[in-house]
Each structure stands twice: as C-alpha cells, then as structure tokens.
Amino acid sequence: MTDVQVGLVGIGLLLALIALRVPIGVSMITVSFAGIWTIMGWNVAWGSLGVIPYQFSTNWVLSSVPMFLLLGFVCYHARLTEGLFRAARMWLAGVPGGLAISGILGCAGFASVCGSSVACSAAMGRIAVPEMMKQRYSAELATGTVAAGGTIGALIPPSIIMILYGIIAQTSITELFLGGVAIGLLTMVSYILVILVRVKLNPELAPSIKEEIPMVEKVKALRDVWPILLVMIGCRRRSKFEPPCRLNIEPGVEADFCGVGCG
C-alpha cells in the first residue's frame with residue numbers, strides 16, 4: 001500500500017475504534033503505531049513509541065502551562081475575578097439579561113489570565129450562577145451562559161490549547177495568539193448578542209432588575225478591575241514568541257507575582 005492508502009485506512013480504523021468506545025488516546029496511539037510499522041518497519045515504530053512522547057513532554061514551552069494555571073488559581077482565590085464581575089454587573093444593571101452578559105464579560109476577563117476553559121467556567125460559575133439564580137434567572141440561561149463563556153478561555157491568550165497546538169504543529173505561537181484575540185472578542189460579542197436576542201424574545205428568561213446605581217458607585221466599581229489589567233500587562237510585557245514556537249516562562253512567573261501582589 002502507498003502512504004496515502006495507509007493514512008486513509010488508519011483514519012477508518014481510528015473512527016472504528018472510537019465508535020467501539022475505545023479511549024481516544026489509546027485509539028490514536030494504536031493507529032499511529034500500526035501506521036508507522038506498516039510504512040517504516042517494526043524497529044522504527046517501536047523506537048518512535050519511546051522517543052516521540054519523551055520529546056514532546058520535555059519541550060520547554062510546556063513549562064509555561066503550569067504558570068498560567070497557577071495564575072488562574074491565584075486570581076480566583078484573590079477574588080480578582082469577583083471584582084470584575086461586580087463591576088460589569090453595576091454598569092449593565094439596566095440592560096436586559098445584564099447579569100448573563102456580565103458573566104460573559106467576566107469569563108473573557110478571566111480567560112485573559114488563565115487560558116483554561118474548564119477553569120474559566122468553574123471560577124465564573126461559582127460567582128455568576130448563584131447571583132443569576134438569586135435574581136430569578138432561568139437555570140438554563142444561567143448555566144448555559146457560564147458554560148458557553150468558558151470556551152473563550154481556549155481562544156483568548158494565554159490559551160493552553162493554542163500552546164499545545166503550536167508545539168505539535170510547529171506553528172508560531174505569536175500568530176496563533178494574535179488570531180485568538182480577534183476570534184475570542186468576536187465570540188464574546190456573539191454570545192452577548194445571542195443573550196440579548198433570547199431575552200428580548202422571552203423576557204421570562206431574565207427578569208428585569210429595577211435597580212438604580214449611582215454613577216459614583218459605578219466608577220468606584222472600576223477600581224476592582226485594575227488588578228486584572230495589571231496581571232494582563234505582567235502576563236504579556238515580556239512575552240517572546242519565536243519560531244519554532246519557543247515560549248519563555250518569565251511572563252507566567254511575572255504574572256503570578258502580580259496576581260499575588262494584587263491579592
């Protein structure tokens with residue numbers, strides 16, 4: 001068989017194994033090993049099974065991942081994300097579905113310092129969902145908003161998924177991050193528009209909150225936003241991305257110190 005034929009057969013076997021509920025990781029390793037064995041022989045396949053995972057796991061770029069995860073942990077326990085949500089809530093108090101929109105904005109802000117979709121949803125879920133349920137928001141809207149908003153964490157830098165993709169595909173992480181900023185912001189705006197349309201069509205999903213907040217209080221609430229901005233600056237001030245996707249660990253460490261200092 002030619003290399004193309006081996007690849008097509010491998011894709012078919014991979015889909016078949018996944019359909020049989022074999023774990024995806026095991027399926028991909030099995031198909032890859034069989035493909036290399038068919039094309040290059042047993043010795044090469046067996047050697048690749050030991051060398052390739054080691055080379056990937058010892059890549060220096062991966063050292064930035066735990067730093068950004070630690071940053072999200074620090075920001076959450078320092079309640080920096082809570083201040084961000086509170087400020088958005090005050091400024092959007094008179095907007096239909098304002099709390100849900102605040103949750104989206106909070107997810108976007110937390111995503112800019114964490115990079116993990118799961119962590120983003122978990123952090124904002126503990127803050128936004130109880131507040132929305134307290135104001136008699138629909139449970140589907142409250143939980144769906146946070147779940148959807150968490151996906152922004154995979155788009156806005158420092159996205160961990162983009163770092164891993166850059167390593168695997170040998171692509172410039174700079175270009176991935178620059179593209180992720182635009183896509184992340186567009187995704188955030190799209191979620192906000194969907195919430196506005198849904199609440200407009202069905203006001204029962206998000207009852208209006210009759211609360212008049214003085215402008216002075218709104219301006220004071222903005223003081224809780226500057227720590228996140230400072231952490232974002234510390235996260236990006238010394239970021240250096242060079243082909244093939246070299247990433248220094250210093251930005252994550254500096255951002256961690258900024259988060260601890262602001263907390």
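A quick note: this is a predicted structure, and the numbers were derived from the prediction, not measured.
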[atom1]/[X] to [atom2]/[Y] distance, rounded to the nearest 0.5 angstrom?
{"X": "W37", "Y": "N43", "atom1": "CH2", "atom2": "CG", "value": "11.0 Å"}
{"X": "M162", "Y": "Y165", "atom1": "CE", "atom2": "OH", "value": "10.5 Å"}
{"X": "I39", "Y": "Q5", "atom1": "CD1", "atom2": "CD", "value": "11.0 Å"}

Check [X] against [Y] and note the closest heavy-atom contact, atom names and distance.
{"X": "M133", "Y": "A142", "result": "SD-CB, 4.1 Å"}
{"X": "V31", "Y": "G10", "result": "CG1-O, 3.4 Å"}
{"X": "A128", "Y": "G103", "result": "CB-CA, 4.4 Å"}
{"X": "A206", "Y": "L141", "result": "CB-CD2, 4.0 Å"}
{"X": "G153", "Y": "S117", "result": "C-OG, 3.9 Å"}
{"X": "L17", "Y": "S27", "result": "CB-OG, 3.5 Å"}

Side chains of [X] and [Y], heavy atoms from C-beta outward: is any pair under 4.5 Å?
{"X": "Q135", "Y": "L99", "result": "yes"}
{"X": "I156", "Y": "T187", "result": "no"}
{"X": "L185", "Y": "V189", "result": "no"}
{"X": "I163", "Y": "F177", "result": "yes"}

I195 and V199: CA distance, side-chain angles, deciding distance, side-chain contact (heavy atoms from CB on, under 4.5 Å) verdict: CA-CA 6 Å; I195 292 173; V199 174; 4.1 Å; yes
Derivation and outcome, side-chain contact (heavy atoms from CB on, under 4.5 Å), residues T30 and L13: CA-CA 9 Å; T30 302; L13 290 175; over 6 Å; no
For atom [atom1] of [X], is the number of surrounding heavy atoms from other residues, nucleotides or ligands below 6.0 Å larger than 12?
{"X": "L201", "atom1": "CG", "result": "yes"}
{"X": "F33", "atom1": "CZ", "result": "yes"}
{"X": "E204", "atom1": "CD", "result": "no"}

Pair Y137, T145: side-chain N/O donor-acceptor within cut-off below 3.5 Å: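 T145 and Y137 do not have a side-chain donor-acceptor pair below 3.5 Å.
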Donor-acceptor contact below 3.5 Å, side chain S32 vs main chain I29: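 The answer is no, because no donor-acceptor pair under 3.5 Å joins these two groups.
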Same apolar cluster (I L V M F W Y, side chains within < 4.5 Å links), L15/V9: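 In one cluster with L15: V9, no.
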Same apolar cluster: V181 and I192, side chain cutoff 4.5 Å: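 Yes, one cluster joins them.
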